[in-house]
Amino acid sequence: MSNMNKLVTEKKVVKIDEIKPNKFNPNRMSDFIYQRMKQTLSEKGLFGSVYVHPTCGIYELLDGEHRLKACKELGWTHIPVECSISELTESEVKFWTLYFNNT
C-alpha cells in the first residue's frame, strides 16, 4: 500500500451512461433499503457525489453503485461525480472501493 498514490479528485457532472460499475464492489443492499434510497433521491436529489476514475474513455465507479443504478432508473441523464484526476491501477480500484464501502 505504500506505493499507492493519494486519491485526488475534481468535481464534475458527467453523462450517466459514461459510468460503469467495477467488478470489485462487495456492497449489498436489501430491496427495501434500495427502494427507500431511490425514493429519497427522487424527492430530494443526490446529496454529495459518486466517486469514479477515468479509464478507456469512460468512468469506472469507486463508490456509489446503488445511487447510480437508482438515478438511472429515475431517468437521470447526468450525475455529479468526484472524479480521480488520474486513471487508477486495478489494486487502487480495489482498495478505494473497499475503503468507501467500509466508511
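By convention here, the first residue in the shown sequence is residue 1.
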Any side-chain donor near an acceptor of the partner, E60 and H53, under 3.5 Å: yes
Closest heavy-atom contact between S84 and P54? O-CD, 3.3 Å
R67 side chain to K38 main-chain N or O, any donor-acceptor pair under 3.5 Å? no
Hphob cluster co-occupancy, V50 + Y59, side-chain heavy atoms under 4.5 angstrom: yes
Using 0.5 Å steps for rounding, measure from the SG atom of C71 to the CG atom of L46. 5.5 Å
The test is side chain to side chain contact (heavy atoms under 4.5 Å, CB included); show your working for L88 and L62 and say whether it passes. CA-CA 10 Å; L88 304 177; L62 300 173; 3.8 Å; yes
Kindly compute the distance separating CD (E87) from OG1 (T55), expressed to the nearest 0.5 Å. 3.5 Å
In terms of side-chain heavy atoms, does T97 have a donor or acceptor partner in N22 at a distance below 3.5 Å? yes
Going from CG on L7 to CZ on F95, what distance comes out if it is rounded to the nearest 0.5 angstrom? 9.5 Å
Of all the heavy-atom pairs spanning L41 and W76, show the shortest one and how long it is. O-CZ2, 4.0 Å
Side chain to side chain contact (heavy atoms under 4.5 Å, CB included) between E82 and V52, intermediate numbers included: CA-CA 6 Å; E82 286 281 344; V52 299; over 6 Å; no
If you look at every heavy atom in L61 and E65, which pair is closest and at what distance? CD1-CA, 3.5 Å
Decide if atom NZ of K15 counts as having more than 12 heavy atoms of other residues, nucleotides or ligands within a radius under 6.0 Å. no
Any non-hydrogen side-chain atom of I19 less than 4.5 Å from a side-chain atom of V14? yes
Any side-chain heavy atom of Y51 within less than 4.5 Å of one from W96? no
Verdict with reasoning, E10 to K12, per salt bridge (Lys or Arg N to Asp or Glu O under 4.0 Å): CA-CA 6 Å; E10 60 185 356; K12 292 183 173 188; 3.7 Å; yes
Please evaluate residues Q35 and Q39 with respect to the criterion side chain to side chain donor-acceptor pair (under 3.5 Å), reporting the C-alpha separation (whole Å), side-chain torsions for both, the decisive distance (0.1 Å), and the verdict. CA-CA 6 Å; Q35 293 303 326; Q39 181 180 354; over 6 Å; no
Same cluster for V81 and L68 if Ile/Leu/Val/Met/Phe/Trp/Tyr side chains link at under 4.5 Å? yes
Do K69 and Y34 meet the cation-pi criteria used here (NZ or CZ under 6.0 Å from the six-membered ring centre, within 45° of the axis)? yes
